[in-house]
Amino acid sequence: MPSDSPVIISKPTLKFERAAIKRGAKFVCGVDEVGRGPLAGPVVVSAVILNHRKVPEGLNDSKVLTAAQREALYEKIMASAIVSIVVAPPTIIAQLNILQASLWAMRKAVLGLQVKADHILVDGNKLPKDLPCPGEAIVGGDGRSVSIAAASIVAKVTRDRMCLIMDCEEPQFGFSSHKGYAAPQHLEALTTHGPGRHHRMDFAPCIQAQRMKTIAA
RNA sequence: AGCACAUAUCGA
DNA sequence: TCGATATGTGCT
C-alpha cells in the first residue's frame, strides 16, 4: 500500500472503546446527533452499542459516505448492534433550546438502550448532565470512533427518512432536497408560504417569516 | 471574537 | 476524495 499518501485520512477506530474497556467498562456506547442546524424538522439522536465481534465493515463518518452507503450500513448496524433512537420535535426544541433539546435527547437515548451502557462516547465538546455512567466528549467523534460513526449513520438515515415524510406533507418547502436547511429555495418558500407545522419557531428565519405573514395580514 | 455541533449547495 | 460558497444556535 502506498504509505506516503499526501494526506492521511484516519478512519474511525475502536481505540476509545478499547481504552474504556481496559478501564473496566463492558458496554461502550457511541452517541451522535443530526439535524441541529436546519430551520425545520427534528433533531435525531442515536445511541449505539456495537457488538465488538461483529463490527460492520466500512463504518465511517456519515459525512464521507454516500446515501446508498449509509442505507447499507444502517441495515448492518441494526442487525448487529444495540440501537436506541430518540427524536426531539420542533415543539421540544422551542421549549428548551436547540442545545438543551439535543442533550435531552442524548440522555434519553442512552437510557433507552436495551442493555445498560457503562461508558458513553459523545460526539462534540459537551456532555449531557445526569448521565447514568461515565462518559467523554470527543471532538470530531464521528470520524474517530466507530461507535459514534455508527450512531451518526443511524441518526442520519432516520432523519433523512423523516424529511421525505415532511416533504409529502408539505411539498411547498422542498424538504426532500435541502433537508430543512437554509437553502435559497427553502428561504424563498418560507417567505411566500409562511412557516409550516415542521418549522422551528424559535429560529430566526422562521420568526422573520412569521412576522412578515403577520404584517401582511 | 474564539470554539463546537449540524448540514446544504456548487464545482473539480 | 478534495475544494469553495452558504445557513442555523449555543457556550466561552
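What you see is a predicted model, and the numbers here were worked out from it, not measured in a lab. Within every chain, numbering begins at 1; the chains are lettered A, B, ... in the order of the sequence lines, protein sequences first and strands thereafter.
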Across the strands shown, which category fits [X] at heavy-atom distances under 4.0 angstrom: base, sugar-phosphate, nothing?
| X | value |
| --- | --- |
| A:Gly140 | sugar-phosphate |
| A:Asp160 | nothing |
| A:Asp123 | sugar-phosphate |
| A:Ser102 | nothing |
| A:Ala137 | nothing |
| A:Pro184 | nothing |
| A:Val43 | nothing |

Looking at the side chain of [X], which of [options] is the nearest nucleotide?
| X | options | value |
| --- | --- | --- |
| A:Lys179 | B:A8, C:dT9, C:dC11 | B:A8 |
| A:Ile98 | B:C3, C:dT9, C:dC11 | C:dT9 |
| A:Phe203 | C:dT9, C:dT7, B:A8 | C:dT9 |
| A:Val34 | C:dT7, B:U7, B:A4 | B:U7 |
| A:Asn97 | C:dG8, C:dC11, B:A6 | C:dC11 |
| A:His178 | C:dT9, C:dT12, B:A8 | B:A8 |

Between the main-chain N or O of A:Phe173 and the side-chain N or O of A:His178, is there a donor-acceptor pair closer than 3.5 Å? yes
How many whole angstroms separate atom [atom1] of [X] from atom [atom2] of [N]?
| X | N | atom1 | atom2 | answer |
| --- | --- | --- | --- | --- |
| A:Phe175 | B:A8 | CZ | P | 15 Å |
| A:Arg36 | C:dG10 | CZ | P | 9 Å |
| A:Ile148 | B:A4 | CD1 | C1' | 14 Å |
| A:Asp61 | B:A6 | CG | P | 8 Å |
| A:Leu39 | C:dA6 | CG | P | 17 Å |
| A:Leu103 | B:A6 | CG | C1' | 14 Å |
| A:Ile207 | C:dG8 | CD1 | P | 12 Å |
| A:Asp202 | C:dG8 | CG | P | 13 Å |

Any chance you could lay out the side chain to side chain donor-acceptor pair (under 3.5 Å) test for A:Asp167 and A:Ser176, step after step, and finish with the verdict? CA-CA 6 Å; A:Asp167 190 54; A:Ser176 65; 3.2 Å; yes
Return the 5'-most residue of the pair A:Tyr181, A:Ser177 with respect to RNA chain B, ranking by each residue's nearest nucleotide.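 Its nearest nucleotide being more 5', the pick is A:Tyr181.
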Looking only at side-chain N and O atoms, does A:Lys63 come under 4.0 Å of OP1 or OP2 in B:A6? yes
Counting only side-chain nitrogens and oxygens, does A:Lys156 get under 4.0 Å of the OP1 or OP2 atom of B:U7? yes
Under a 4.0 Å threshold between the charged nitrogen and the carboxylate oxygen, would A:Arg159 count as salt-bridged to A:Glu33? no
Classify the ring geometry between A:Phe175 and A:His198 as parallel (under 30°), tilted (30 to 60°) or perpendicular (over 60°).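 Perpendicular.
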Closest heavy-atom contact between A:Glu17 and A:Ser145?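 Looking at all heavy atoms of both residues, the shortest contact is OE2-OG, 2.7 Å.
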For A:Pro42 and A:Arg200, which heavy atoms make the closest approach, and how far apart are they? O-NH2, 3.3 Å
Between A:Val64 and A:Pro205, whichever has its closest DNA chain C nucleotide further toward 5' is A:Val64
Here's a test of your reading of the structure: between A:Thr66 and A:Ala204, which maps to the more 5' nucleotide of DNA chain C?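 Per heavy-atom nearest nucleotide, the more 5' residue is A:Thr66.
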